[in-house]
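So you know, we letter chains A, B, ... as the sequences are listed, proteins then strands, and number each from 1. Just so you know, these numbers use all the heavy atoms, side chains as well, and skip hydrogens, waters and symmetry mates. What you are looking at is a predicted structure, and each value in this text was computed from that prediction instead of being measured.
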Amino acid sequence: MQFTVATWNVNSVRLRLPLIERFVTLRAPDILCLQETKCPDDRFPRADFARLGYEHVALHGQKGWHGVAIASRIPFADVTREHFCGRNDARHLTVNFAAAGLAVPVTIHNFYIPSGGDEPDPATNDKFAHKLAFLDELAASAACRDAAAGARSLLVGDLNVAPLEHDVWSHRQLLDVVSHTPVEVEKLTAMQRAGAWIDVMRRFIPEPEKLFTWWSYRSPDWARADKGRRLDHIWASPALAGAAREMSVFRDARGWERPSDHVPVVATFEL
DNA sequence: ATGGTGGGCCACCCA
């Protein structure tokens, strides 16, 4: 069986509904993992997703900010919503496709990792300290433990870290910019090691090719300047990585009317 | 060195 997964930080699911419709019409992912939905669960536009073929929806939202969701054409079970760092932020959602008629269960973890504020110093910036603590806690989590132990799982989402040299437009100029500082890159990499996660995007587009999923709203001519970063990721556990068949970054979406500052990343797996 | 834009929501919080 083949399935296609997309991850997209939509920056308000309600505002971005027309773009979501356009994207799923073009790419038809089976499973759509969203971040920054900014939508309480009781106001999530379930009917619109059902109309687009996504009858199965798992939600972990809150009013005003953060929020993650998984919309799927395939039924799933065992929805879990974890909290990190003792906060109630809606930043995590896991679903399991064990009950979906698959020969082998597949688990998908959808994350919206804290962005970390502006100042890359945990002593003076609580948001950066929170980001680092979140990465530490995730490295010690069951999601990573199970992935390393042989589970078939994906970890996707807006991880808010661009770990590799060519995940940013200028490695040298971004070394002190939150998202690419050595300390957070090391923590993300440690978390990746803890799960033995395989970076699916870079299996298809290896360094040194530039690979971005986010372009700032503050860039007046984002496409020409192309000062992007790879903040969004699809990681596969060792047991699932070999099933990856293709991957693409849907860059077009950044040029649509009223876009998110992130674009969808899509990957197809064959079990 | 700074400011640029775009979300939610009604005073500023956040990215």
Side-chain angles (χ1 to χ4, degrees), chain A residues 7-23 33-45 48 59-69 83-85 87-93 110-122 124-135 156-163 167-170 172-181 184-185 188 212-233 250-265:
Chain A
T7 179
W8 193 6
N9 177 324
V10 285
N11 188 17
S12 171
V13 67
R14 286 172 285 183
L15 193 66
R16 232 59 84 182
L17 264 175
L19 275 62
I20 291 168
E21 175 160 6
R22 191 169 170 187
F23 167 66
C33 299
L34 303 174
Q35 304 87 35
E36 277 207 272
T37 52
K38 295 183 173 177
C39 182
D41 291 350
D42 60 6
R43 300 198 56 192
F44 192 89
D48 293 283
L59 302 175
H60 190 181
Q62 65 185 86
K63 185 178 179 182
W65 61 84
H66 314 321
V68 290
H83 293 107
F84 288 78
C85 305
R87 306 194 188 194
N88 283 327
D89 296 352
R91 296 181 176 276
H92 166 266
L93 191 55
N110 180 15
F111 277 97
Y112 174 50
I113 288 180
S115 71
D118 287 332
E119 176 62 41
D121 179 358
T124 57
N125 175 7
D126 289 345
K127 294 187 187 120
F128 195 63
H130 179 217
K131 182 180 199 174
L132 299 182
F134 195 104
L135 289 166
V156 310
D158 177 3
L159 307 187
N160 263 315
V161 180
D167 290 342
V168 293
W169 64 275
S170 169
R172 186 178 55 82
Q173 291 180 79
L174 288 174
L175 277 171
D176 289 325
V177 175
V178 170
S179 71
H180 194 59
T181 66
E184 64 195 294
V185 167
L188 185 85
F212 308 146
T213 65
W214 172 91
W215 294 261
S216 172
Y217 282 127
R218 295 171 187 174
S219 177
D221 191 353
W222 71 274
R224 192 192 53 78
D226 201 21
K227 293 184 173 180
R229 306 177 200 169
R230 185 169 71 112
L231 303 180
D232 305 275
H233 298 268
F250 203 86
R251 182 183 168 114
D252 288 1
R254 186 62 179 79
W256 291 347
E257 193 177 347
R258 293 202 84 180
S260 169
D261 44 356
H262 297 251
V263 298
V265 183

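With a 6.0 Å cutoff to the six-membered ring centre and a 45° limit on the axis angle, Arg22(A) counts as a cation-pi contact of Trp256(A). In this structure, Arg254(A) is positioned above the aromatic face of Trp222(A), its NZ or CZ under 6.0 Å from the six-membered ring centre and within 45° of the axis. Seen from the ring of Trp169(A), Lys227(A) counts as a face-on cation partner, given the 6.0 Å and 45° thresholds.
For the residue pair Thr213(A) / Asp232(A), a side-chain donor-acceptor distance below 3.5 Å is found, with atom types taken as modelled.
Both key distances under 3.5 Å define a Watson-Crick or G-U pair, and stretches of 3 or more such consecutive pairs in DNA chain B run B:5-8 with B:12-15.
Rounded to an integer number of Å, the gap from NZ of Lys63(A) to P of dC14(B) is 16 Å. When the C1' atom of dA15(B) is taken as reference, atom CZ of Arg229(A) falls 11 Å away, rounded to whole Å. Straight-line distance from the CG atom of Asn11(A) to the P atom of dA15(B): 11 Å, rounded to whole Å. Rounded to whole Å, atom C1' of dG7(B) lies 10 Å from atom OH of Tyr112(A). Arg16(A) has its CZ atom 8 Å from the C1' atom of dG6(B), to the nearest Å. Rounded to whole Å, atom C1' of dG8(B) lies 14 Å from atom CG of Asn9(A). Here the P atom of nucleotide dG7(B) and the CG atom of Leu17(A) are 14 Å apart, to the nearest Å. Atom P of nucleotide dT2(B) and atom CD of Gln173(A) are separated by 17 Å, given to the nearest angstrom.
Counting any heavy atom pair closer than 4.0 Å across all strands shown, Arg43(A) reaches no nucleic acid atom.
A salt bridge is defined here as a Lys NZ or Arg NE, NH1 or NH2 lying under 4.0 Å from an Asp or Glu carboxylate O, and Lys63(A) with Asp41(A) fails to meet this definition.
Both Pro259(A) and Glu36(A) lie near DNA chain B, and the one whose nearest nucleotide falls closer to the 5' end is Pro259(A).
The shortest distance between the side-chain N/O atoms of Lys127(A) and the OP1/OP2 oxygens of dC14(B) is below 4.0 Å. Under 4.0 angstrom from either OP1 or OP2 of dG7(B) there lies at least one side-chain N or O belonging to Arg258(A).
With Trp214(A) as the partner, the side chain to side chain donor-acceptor pair (under 3.5 Å) test is satisfied by one option alone out of Asp261(A), Asn9(A), Asp158(A): Asp261(A).
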task = Quick one: do Ile113(A) and Leu135(A) satisfy side chain to side chain contact (heavy atoms under 4.5 Å, CB included)? Show the steps, please.
result = CA-CA 8 Å; Ile113(A) 288 180; Leu135(A) 289 166; 3.8 Å; yes

task = Mind running salt bridge (charged side-chain N to carboxylate O under 4.0 Å, His left out) on Asp226(A) and Arg251(A) for me, showing each step along the way?
result = CA-CA 11 Å; Asp226(A) 201 21; Arg251(A) 182 183 168 114; 3.1 Å; yes

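Checked against the 6.0 Å centroid threshold, Phe111(A) and Phe84(A) count as a close aromatic pair. Not less than 6.0 angstrom separates the ring centroid of His92(A) from the ring centroid of His66(A).
Nucleotides dT2(B) and dG6(B), compared at atom P, are 23 Å apart to the nearest Å. For the P atom pair drawn from dG3(B) and dG7(B), the interatomic distance equals 22 Å after rounding to whole Å. Remark: the separation of the C1' atoms in dC12(B) and dA1(B) is 25 Å, to the nearest Å.
Applying a 4.0 Å cut-off to non-hydrogen atoms, the residues of residues 212-221 of chain A that approach DNA chain B are Tyr217(A), Arg218(A), listed by residue number.
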